[in-house]
Amino acid sequence: ELKLNLATVLPGQIGGPGFQRNTPTLDQIEAMMSGAFRMGVPDLNMLYVDVRDVASAHLLAAERDGRGRFIAVNDEAPTWRRIMEVMHGIDSRVKPALLTLPRAMNPFLVHFDWLFSMVYGIQRTASPEVIGTVIGRRFNASNRRAREVLGWAPKVSLEDSLRDTMAALRARIARDLHDELGGLLTAANMDLAWLQGRSVTMEQEVRDILEEYVAESGGRLELEVIE
């Protein structure tokens with residue numbers, strides 16, 4: 001009726017930089033970085049694509065007046081273990097999984113997810129509903145139509161995307177630590193300044209220590225993040 005073509009871009013699990021908050025895929029990558037799957041990783045794969053390639057697919061669909069569905073995924077659908085190996089190649093501190101968990105253990109992934117969230121302080125991602133959709137399955141998708149009709153192709157490699165994703169996650173964690181510790185140290189400085197003013201009866205040595213600390217800190221926090 002409106003004589004408009006409807007084009008739908010269907011991305012896979014999106015990684016890359018620029019997110020204001022974590023997506024489920026970023027939660028999974030952050031869990032891998034933290035070592036949550038060090039002892040064993042689920043036998044799952046990921047239809048991965050970088051956010052910049054997804055944006056490119058949307059632009060091409062608009063510019064070329066495409067219609068219908070276009071799947072935007074990488075040519076490779078890596079396993080979780082493969083992703084951890086690539087991450088280890090980028091940063092040796094990210095340890096690869098020692099083994100792939102047998103599929104017989106998939107029903108217990110919900111319990112492992114709860115345990116990992118408690119130990120590592122990460123977001124839970126394996127709800128019973130999610131596990132029910134992935135147990136015993138391999139996900140496959142083809143980007144052939146997007147290539148043929150739109151001329152789209154993934155430009156950002158898995159390694160480059162994971163490198164940028166890891167850097168973005170570390171930067172966000174650093175900001176969170178800075179904000180949290182900054183507030184704590186500001187409060188500590190205020191308490192010390194108050195104590196300094198009340199320390200009439202304190203020994204001179206203690207007064208000197210307090211005065212030196214308050215003068216040096218100046219209520220400021222400088223946090224260096226080791227990458």
Side-chain angles (χ1 to χ4, degrees), residues 10-57 71-101 105-106 109-127 129-131 133-135 137-141 143 154-178 225-227:
L10 304 175
Q13 293 170 266
I14 305 174
F19 290 92
Q20 296 301 311
R21 60 182 178 83
N22 274 15
T23 64
T25 302
L26 296 185
D27 284 335
Q28 292 164 359
I29 293 174
E30 185 175 347
M32 294 175 185
M33 291 173 59
S34 70
F37 302 108
R38 175 74 176 92
M39 302 305 296
V41 67
D43 186 18
L44 304 172
N45 71 326
M46 189 179 292
L47 295 174
Y48 191 88
V49 65
D50 187 86
V51 63
R52 291 160 289 192
D53 284 329
V54 175
S56 172
I71 297 176
V73 294
N74 285 2
D75 297 323
E76 175 191 8
T79 63
W80 283 31
R81 188 170 188 176
R82 167 63 180 156
I83 289 174
M84 293 185 68
E85 290 171 350
V86 174
M87 293 169 64
H88 175 70
I90 296 169
D91 184 347
S92 60
R93 293 173 299 176
V94 179
K95 301 303 181 183
L98 295 178
L99 55 87
T100 299
L101 296 175
M105 297 187 68
N106 283 346
L109 292 179
V110 174
H111 307 291
F112 289 138
D113 183 60
W114 172 83
L115 179 61
F116 293 154
S117 70
M118 298 295 291
V119 173
Y120 295 99
I122 56 178
Q123 184 71 30
R124 293 193 64 182
T125 58
S127 67
E129 293 77 16
V130 170
I131 295 301
T133 63
V134 300
I135 285 181
R137 298 182 181 179
R138 273 287 185 268
F139 292 98
N140 294 290
N143 58 29
K155 296 293 195 299
V156 184
S157 69
L158 175 64
E159 181 177 355
D160 288 341
S161 182
L162 288 174
R163 179 181 291 107
D164 293 343
T165 302
M166 293 163 66
L169 287 171
R170 286 200 178 97
R172 180 188 58 77
I173 293 170
R175 288 194 302 270
D176 292 346
L177 285 173
H178 184 281
V225 178
I226 307 298
E227 295 187 356

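On a predicted model such as this, the values are computed, not experimentally measured, just so you know. Both backbone and side-chain heavy atoms feed into the values below; hydrogens, waters and symmetry mates do not.
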Item to complete: With rounding to the nearest 0.5 Å, note down the distance linking OG1 in T100 to CZ in F37.
Response: 12.0 Å
Discussion item. What's the separation between atom CG in N74 and atom CG in N143, rounded to the nearest 0.5 Å?
Written reply: 8.0 Å
Worksheet item: Just wondering, do I29 and M87 contact through their side chains at under 4.5 Å, heavy atoms?
Response: yes
Discussion item. If you compare all heavy atoms of A77 against all heavy atoms of F139, which two are closest, and at what distance to 0.1 Å?
Written reply: CB-O, 4.1 Å
Worksheet item: Considering all heavy atoms of both residues, which atom of P96 and which atom of R38 are nearest to each other, and what is their separation?
Response: O-NH1, 3.0 Å
Worksheet entry | Minimal non-hydrogen separation, A72 against A57, with atom names | CB-CB, 4.2 Å
Worksheet, complete the sentence: What one should report as the nearest heavy-atom pair of V94 and M32 is CG1-O, 3.8 Å
Worksheet item: CG/L162 to CE/M166 distance, rounded to the nearest 0.5 angstrom?
Response: 7.5 Å
Worksheet item: Ion pair present between K155 and D50, side-chain N to carboxylate O less than 4.0 angstrom?
Response: no
Worksheet item: Hey, what do you get for CG (N45) to CG (N140), rounding to the nearest 0.5 Å?
Response: 6.5 Å
Discussion item. Taking the side chain as everything from C-beta on, heavy atoms only, tell me whether M39 gets closer than 4.5 Å to L101.
Written reply: no
Worksheet item: Mind checking what makes salt bridge (charged side-chain N to carboxylate O under 4.0 Å, His left out) contact with E159, not counting sequence neighbours?
Response: R163
Discussion item. Closer than 4.0 angstrom, basic N to acidic O: yes or no for D91 and R170?
Written reply: yes
Discussion item. Which residue in the set L26, L47, T25, V54 passes side-chain contact (heavy atoms from CB on, under 4.5 Å) when paired with I14?
Written reply: V54
Worksheet entry | Test item: V41 and L99 side chains (from C-beta on) under 4.5 Å apart, heavy atoms | no
Practice prompt. Answer yes or no: is there a side-chain heavy-atom contact under 4.5 Å between R82 and E76?
Written response: yes
Worksheet item: Got R81 and P42 here, is their nearest side-chain heavy-atom distance under 4.5 Å?
Response: no
Fill in: Close side-chain approach of Q13 to Q28, heavy-atom, < 4.5 Å
yes
Fill in: Exercise: identify the closest heavy-atom pair between L158 and P78
CD2-CG, 4.0 Å
Worksheet entry | All side chain to side chain donor-acceptor pair (under 3.5 Å) counterparts of S157, not counting sequence neighbours | D160
Practice prompt. Compare every heavy atom of R138 with every heavy atom of D43, then report the nearest pair and how far apart it is.
Written response: OD1-NH2, 2.6 Å
Practice prompt. Please determine if R172 and E30 form a salt bridge, counting it only when a charged side-chain N lies under 4.0 Å from a carboxylate O.
Written response: yes
Discussion item. Could you walk me through whether T79 and M46 satisfy the side-chain contact (heavy atoms from CB on, under 4.5 Å) test, starting with their C-alpha distance in whole Å, then the side-chain angles of each, then the deciding distance to 0.1 Å, before giving a yes or no?
Written reply: CA-CA 6 Å; T79 63; M46 189 179 292; over 6 Å; no
Worksheet entry | Euclidean distance, I71 CD1 relative to L10 CG, rounded to 0.5 Å | 6.0 Å
Item to complete: With sequence neighbours excluded, tell me which residues meet salt bridge (charged side-chain N to carboxylate O under 4.0 Å, His left out) with D53.
Response: none
